[in-house]
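Below is one structure; the comments refer to it alone.
No experiment lies behind these values; they were computed from the predicted model shown. In this chain, numbering begins with 1 at the start of the sequence shown. Side-chain atoms are counted along with the backbone in the values below, which use heavy atoms only and exclude waters and symmetry mates.
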Amino acid sequence: MRLHRNLTFAVIDSIRDIFNEGVYADKAVEKALKRDKRWGARDRKFVAETIYDIVRWNRLYAEIAEVKVPYDRDNIWRLFSVWCILRGIALPDWNQVGDVPERRIKGRFAELSRTRKYRESIPDWMDELCVSELGEEVWTKEIAALNEQAKVILRTNTLNISKEILQKKLKAEDIITEFVPNHPDALLLPERANVFKSEAFHKGFFEVQDASSQLVAAYLDVKPGMKVIDTCAGAGGKTLHLSALMENKGQIIAMDIYESKLRKLKVRARRNGAHNIDMRVIDSTKVIKKLHEKADRVLIDAPCSGLGVIRRNPDSKWKLQPEFIENIKKVQQEVLQQYSKMVKPGGKMVYATCSILPSENQEQVKTFLTSESGKDFTFVSDKKVLAHISGFDGFYMALLERK
């Protein structure tokens with residue numbers, strides 16, 4: 001493989017933005033891919049995958065390269081050189097590339113790979129926390145799975161098309177997909193492709209949504225004609241799935257504290273042909289109070305550490321802090337206490353996170369059930385999804401019923 005100067009520079013600049021300026025990796029990649037309209041699919045793939053690779057394995061590479069954040073330009077070139085050597089890519093004869101001690105890099109890699117926190121490239125605190133919550137054996141397998149590249153999964157929008165017909169339509173656009181066992185609406189792409197440019201996407205035939213995430217709306221046990229509240233709707237991936245499961249009948253109230261996210265949902269709902277969604281910004285407690293005991297079903301897709309989706313957001317390994325996790329646990333309990341009041345007697349509620357930590361999951365549900373608000377609820381069932389077992393994102397969901 002021959003390195004091209006303009007592609008490599010796009011990678012170098014993006015690494016600087018992510019680690020020195022705090023830019024999110026997906027935004028840095030998006031910006032990098034807009035640099036040159038002449039780049040083909042292979043060029044774009046190289047830029048995106050190389051940025052994500054260096055971010056994912058940053059601790060390991062930085063240790064081998066003997067560099068520390070914030071990185072100066074030479075530091076980033078050293079990281080890039082380590083990446084090249086470990087991938088067997090010949091280094092070009094450019095001014096920016098100094099003397100690269102190939103044997104020392106490989107030797108250091110072999111040595112560091114014996115220790116999990118270097119091998120899996122994670123901060124000490126994260127390694128310690130996850131061992132204490134999951135145990136040595138489970139965490140070792142889980143973090144290895146979370147460091148693999150995320151698969152591209154589509155969710156068929158059954159309001160407009162069946163999974164079988166969607167598969168045929170995508171094949172006609174040279175996008176090959178496979179069914180996913182135990183995920184009725186999911187299609188997996190064995191080869192990555194820019195699905196957002198497809199005609200099928202513009203016609204609202206599918207959304208991109210991980211297979212684990214697709215389990216959440218189904219777990220809520222909705223029926224057409226119900227009144228359903230999605231309390232932390234965000235840009236609405238699960239809201240749209242609920243709409244499809246309800247066959248566009250009944251009412252979904254999609255709520256969020258961020259109006260900008262609900263605006264994105266509005267656009268997506270229009271493309272999906274989902275007409276039973278009302279949007280409400282949570283700008284005061286009144287919004288919640290008005291809906292007390294009004295909903296047949298309530299979904300709380302709670303804010304969380306996101307430790308189950310590290311493969312999608314590898315930079316979160318470096319941006320996440322232990323204090324954030326402690327604070328978010330308080331938020332999770334508040335959200336459970338407040339939003340559960342919207343479930344009517346006999347109604348059901350799902351509490352879900354994309355975290356793998358029991359302290360954000362089972363323990364939050366346990367705390368809620370022993371509280372004043374929780375005494376009206378009974379635990380029905382829960383589902384723990386771990387990446388090393390499922391092959392998809394780490395998730396948790398618990399179904400509770402109001403007496």
Could you tell me if the side chain of [Y] sits less than 4.5 Å from the side chain of [X], heavy atoms only?
X	Y	value
Ser121	Trp318	yes
Asn75	Phe19	no
Lys384	Gln362	yes
Tyr351	Asp301	no
Lys294	Met342	no
Ile282	Tyr339	yes
Leu188	Pro190	yes
Leu307	Met126	yes

Check ion pair [X]-[Y] (N to O, under 4.0 angstrom):
X	Y	value
Asp315	Lys27	no
Glu111	Arg114	no
Asp72	Arg16	no

- Could you go step by step and tell me if Glu133 and Ser359 meet the side-chain hydrogen bond (donor to acceptor under 3.5 Å, both in side chains) rule? CA-CA 8 Å; Glu133 291 216 19; Ser359 62; 2.6 Å; yes

Smallest separation among heavy atoms of [X] and [Y], with atom names:
X	Y	value
Ser212	Val385	OG-CG1, 3.5 Å
Ile18	Ala25	CD1-CA, 3.8 Å
Asn20	Pro70	OD1-CA, 3.5 Å
Ile277	Ser243	CD1-CB, 4.2 Å
Ile15	Ile51	CD1-O, 3.9 Å
Ser14	Ala10	OG-O, 2.8 Å

Do any N or O atoms from the side chain of [X] and from the backbone of [Y] form a donor-acceptor pair under 3.5 angstrom?
X	Y	answer
Asp17	Val23	no
Thr370	Lys366	yes
Arg312	Ala150	no
Ser162	Ile165	yes
Asn160	Phe205	no
Glu173	Ala200	yes
Gln214	Leu154	yes
Gln333	Gln364	yes
Ser371	Phe368	yes
Glu360	Ser305	yes

- side chain to side chain contact (heavy atoms under 4.5 Å, CB included) evaluation trace for Trp94 with Thr8: CA-CA 11 Å; Trp94 298 344; Thr8 305; 3.7 Å; yes

- Query: Could you give the distance from CG (Leu60) to CG (Leu86), rounded to the nearest 0.5 Å?
  - Reply: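 CG of Leu86 is found 7.0 Å from CG of Leu60.
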
- Task: Quick one: pull up NE2 in His275 and CG in Leu159 and give me the separation to the nearest 0.5 Å.
- Result: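 Taking NE2 in His275 and CG in Leu159, the distance rounds to 8.0 Å.
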
- Message: I need the single residue from Arg116, Lys117, Arg59 that forms a salt bridge (charged side-chain N to carboxylate O under 4.0 Å, His left out) with Asp127. Which is it?
- Response: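 Passing option: Arg116.
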
- Query: So which of Leu262, Ile257, Val287 actually passes side chain to side chain contact (heavy atoms under 4.5 Å, CB included) with Val281?
  - Reply: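 It is Leu262; the other options fail the test.
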
- Partner of Phe206 by side chain to side chain contact (heavy atoms under 4.5 Å, CB included), out of Ile153, Leu166, Thr156: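 Filter result, single survivor: Leu166.
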
- Task: Could you please spell out the steps behind the side chain to side chain contact (heavy atoms under 4.5 Å, CB included) verdict for Lys348 and Val380?
- Result: CA-CA 9 Å; Lys348 292 177 186 174; Val380 180; 5.6 Å; no

Can I get a per-line list of side-chain donor-acceptor pairs under 3.5 Å for residues 395-403, giving both atom names and the distance, sequence neighbours left out?
residue: Tyr396; atom: OH; partner: Asp382; partner atom: OD2; Å: 2.9
residue: Arg402; atom: NH1; partner: Val343; partner atom: O; Å: 2.7
residue: Arg402; atom: NH2; partner: Glu293; partner atom: OE2; Å: 3.1
residue: Lys403; atom: NZ; partner: Lys375; partner atom: O; Å: 2.7

Side-chain polar contacts of residues 141-148 - donor-acceptor pairs under 3.5 angstrom, sequence neighbours left out - could you list them?
residue: Lys141; atom: NZ; partner: Glu137; partner atom: OE2; Å: 3.4
residue: Glu142; atom: OE1; partner: Ala387; partner atom: N; Å: 3.2
residue: Glu142; atom: OE1; partner: His388; partner atom: N; Å: 3.0
residue: Glu142; atom: OE1; partner: His388; partner atom: ND1; Å: 2.6
residue: Glu142; atom: OE2; partner: Ala387; partner atom: N; Å: 2.8
residue: Asn147; atom: OD1; partner: Lys317; partner atom: NZ; Å: 2.9
residue: Asn147; atom: ND2; partner: Glu120; partner atom: O; Å: 2.8
residue: Asn147; atom: ND2; partner: Glu120; partner atom: OE1; Å: 3.0

- Query: Will you find, in the side chains of Asp278 and Gln251, an N or O donor that is under 3.5 Å from an N or O acceptor?
  - Reply: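 Yes, because at least one side-chain N or O of Asp278 sits under 3.5 Å from a partner of the opposite role on Gln251.
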
- Query: By salt bridge (Lys or Arg N to Asp or Glu O under 4.0 Å), which residues pair with Glu363, not counting sequence neighbours?
  - Reply: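 Residues passing salt bridge (Lys or Arg N to Asp or Glu O under 4.0 Å) with Glu363: none at all.
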
- For Asp53, salt bridge (Lys or Arg N to Asp or Glu O under 4.0 Å) partners two or more places apart: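 So Asp53 forms a salt bridge (Lys or Arg N to Asp or Glu O under 4.0 Å) with Arg87.
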
- Query: Does the pair Phe392 and His183 meet the rule for a ring-ring contact (aromatic ring centres under 6.0 Å, His included), with working shown?
  - Reply: CA-CA 11 Å; Phe392 304 110; His183 294 77; 5.6 Å; yes

Per-pair distances, 0.1 Å, donor-acceptor, side chain in residues 222-234, under 3.5 Å, sequence neighbours excluded:
residue: Lys223; atom: NZ; partner: Asp221; partner atom: OD1; Å: 2.8
residue: Asp230; atom: OD2; partner: Thr239; partner atom: OG1; Å: 2.7
residue: Thr231; atom: OG1; partner: Leu299; partner atom: O; Å: 2.8

- Task: Could you check Gln167 against Leu187 for side chain to side chain contact (heavy atoms under 4.5 Å, CB included), going step by step and ending with a plain yes or no?
- Result: CA-CA 8 Å; Gln167 188 176 50; Leu187 288 173; 4.2 Å; yes

- What residue among His241, Arg155, Arg271 forms side chain to side chain donor-acceptor pair (under 3.5 Å) with Glu207?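 It is Arg271; the other options fail the test.
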
- Item | Residue pair Cys84, Leu3: steps toward the side chain to side chain contact (heavy atoms under 4.5 Å, CB included) verdict | CA-CA 10 Å; Cys84 289; Leu3 293 171; 3.9 Å; yes

- Who are the side chain to side chain donor-acceptor pair (under 3.5 Å) partners of Ser390, not counting sequence neighbours?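 Scan of Ser390 (side chain to side chain donor-acceptor pair (under 3.5 Å), adjacent residues dropped) gives none.
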
- In sequence, state the C-alpha distance, the side-chain angles, and the governing distance for Trp77 and Phe9, and then conclude on ring-ring contact (aromatic ring centres under 6.0 Å, His included). CA-CA 10 Å; Trp77 278 102; Phe9 275 82; 5.6 Å; yes

